[in-house]
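Keep in mind that the numbers below use all heavy atoms, side chains included, and drop hydrogens, waters and symmetry copies. We name chains A, B, ... by the order of the sequence lines, and we start the count at 1 in each one.
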There are 2 protein chains.
Amino acid sequence: MTEAAVETIQREMTAFARRARASAGRMHPELSLVSYTLLGHLEESGGLRATDLAAHYALDKSTVSRQVTTLERAGLVERRRDPEDHRVQLLHLTEAGRRILAQVSVRRRAAVQERLVDWAQEDLERFAAYLVRYNARSGAGTEDD
Amino acid sequence: MTEAAVETIQREMTAFARRARASAGRMHPELSLVSYTLLGHLEESGGLRATDLAAHYALDKSTVSRQVTTLERAGLVERRRDPEDHRVQLLHLTEAGRRILAQVSVRRRAAVQERLVDWAQEDLERFAAYLVRYNARSGAGTEDD
DNA sequence: CGCACCAAGTTGTATTATGCAACCAGAAGA
DNA sequence: TCTTCTGGTTGCATAATACAACTTGGTGCG
């Protein structure tokens, strides 16, 4: 039955989330899971507004504000005033930010890879595809949950 | 290439993690994401030790202990002394716990299901199986990650 | 223009989850 | 018995977060 599968997916995803959070601290002392994710986001599309990030991650703007402050103090991101609208700050990765992000990514990927070492290539690809499909939907959609 | 699939899995899992975290609070006033997940776990296999839960979710035993305390005070779980080993408490859902869990499950499943609505049954099951496999490894294994 | 309202961010405050370390109680083995 | 191990609890500190009040800049309408 679909019910069971859905239930399992929901629970296992949650379990993963827990683990991801737990392991995040060991990746880089300076970089929490959220910070890391924010950096990753900025890497892909520089010049984001804090509000965009908040919306995207369903976080309060105050939370993002503080996270960004931390990242800025660590020298990993830069706030640039938007000349078009002086309320807005466009966030950009610094060189240091880019470097650190690359470092952490490598380490993170290694950790994941270790757990996937005995998977068949075909399964890996299917699993990856499923995850993309799942997340694509939640990312694009109505921004709830 | 394995690299690409691993990279994708890593990224997508992380993406999910942040969202799960973000949406955690809004399901049931009484039930945090973790509590809910713990309940779900107990439903499937009653008589778990707190330590088992801690290991599975990569949580500190103190955290689990407190969560269980909360759940117990809410009347949702029961601690039963293991007659074999008096250090151990076997955790069981109460009737109320079962009821609440069912309620929340419905709501939550609806949310997840909405995202999975156009998936083929076969894909759902495979996805679920992959997640289980992935998590099983990190849970049973070397406890790092 | 000037005033009312909206939007982006910041800061104060409280809550909650969490980990770590110290501790207690029961079990197991020498 | 004494030592060591394991399951669990509690004290303490920290980090992430939400919410609300506030500041500053933009927009629109009279």
Side-chain angles (χ1 to χ4, degrees), chain A residues 14-15 17-39 47-74 77-91 144-145, chain B residues 14 17-39 47-74 77-91 143-145:
Chain A
T14 304
R18 293 247 33 78
R19 300 181 157 280
R21 185 181 195 282
S23 68
R26 272 163 276 173
M27 290 298 151
H28 190 95
E30 300 290 327
L31 234 50
S32 75
L33 177 64
V34 174
S35 295
Y36 168 75
T37 317
L38 294 184
L39 281 192
L48 286 175
R49 285 142 59 222
T51 303
D52 295 336
L53 291 176
H56 198 324
Y57 298 116
L59 288 169
D60 191 78
K61 55 185 180 165
S62 67
T63 300
V64 173
S65 173
R66 284 183 240 264
Q67 293 282 349
V68 170
T69 300
T70 304
L71 288 174
E72 188 190 33
R73 269 205 286 262
V77 306
E78 232 179 32
R79 291 161 146 131
R80 299 190 197 151
R81 219 76 205 185
D82 183 348
E84 310 276 298
D85 183 338
H86 278 220
R87 293 169 302 184
V88 172
Q89 303 171 352
L90 298 176
L91 304 171
D144 64 325
D145 180 49
Chain B
T14 305
R18 88 215 164 196
R19 298 195 140 269
R21 177 80 190 150
S23 69
R26 327 195 225 296
M27 314 189 311
H28 189 97
E30 300 289 329
L31 234 49
S32 75
L33 176 63
V34 174
S35 297
Y36 166 76
T37 316
L38 295 184
L39 282 191
L48 284 176
R49 288 143 54 220
T51 303
D52 296 336
L53 292 176
H56 195 93
Y57 294 107
L59 287 169
D60 192 78
K61 55 184 181 168
S62 66
T63 301
V64 172
S65 172
R66 283 182 241 265
Q67 293 282 350
V68 170
T69 300
T70 305
L71 289 173
E72 188 189 35
R73 268 206 287 264
V77 306
E78 230 178 33
R79 290 161 148 131
R80 299 191 198 150
R81 218 79 203 185
D82 183 347
E84 310 276 299
D85 183 339
H86 278 222
R87 292 169 302 183
V88 172
Q89 302 172 353
L90 298 176
L91 303 170
E143 199 43 52
D144 66 326
D145 147 86

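- Distances were taken from every side-chain heavy atom of D60(A) (C-beta onward) to each of dC19(D), dT17(D), dG9(C); the shortest belongs to dC19(D).
- Considering only heavy atoms from C-beta on, L91(B) stays 4.5 Å or farther from L38(B) through its side chain.
- With a 4.5 Å cut-off on side-chain heavy atoms, L59(B) and L53(B) do not count as touching.
- dA8(C) atom C1' lies 11 Å from atom CG of L90(A), rounded to whole Å.
- Rounded to a whole Å, the CZ atom of R79(A) is 9 Å from the P atom of dG9(C).
- The stretch residues 62-72 of chain A comes close to DNA chain C through S62(A), S65(A), R66(A), each having a heavy atom under 4.0 Å from the strand.
- Each of K61(A) and K61(B) lies near DNA chain D, and the nucleotide nearest K61(B) is the one positioned closer to the 5' end.
- In this structure, L48(A) places its CG atom 14 Å from C1' of dA8(C), rounding to the nearest Å.
- Between Q67(B) and S35(B), the closest heavy-atom pair is OE1-OG, 2.9 Å.
- In this structure, OH of Y57(B) is placed 16 Å from P of dA17(C), rounded to the nearest angstrom.
- Remark: P of dA8(C) and CG of D52(A) are 8 Å apart, rounded to the nearest angstrom.
- With rounding to the nearest 0.5 angstrom, the CG atom of D82(A) is 5.5 Å from the CD atom of E84(A).
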Inset, instruction - Using a 4.0 Å cut-off on protein heavy atoms (strictly under), produce a 5'-to-3' string for nucleotides 24-30 of chain C with B for base contact, S for backbone-only sugar-phosphate contact, and - for none. - result: --BS---
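- The shortest distance between side-chain heavy atoms of E78(B) and E72(B) does not fall below 4.5 Å.
- The overall bend of the helix from dC1(C)-dG30(D) to dA30(C)-dT1(D), read as the angle between its terminal helix axes built from five base pairs each, is 10° when rounded to 10 degrees.
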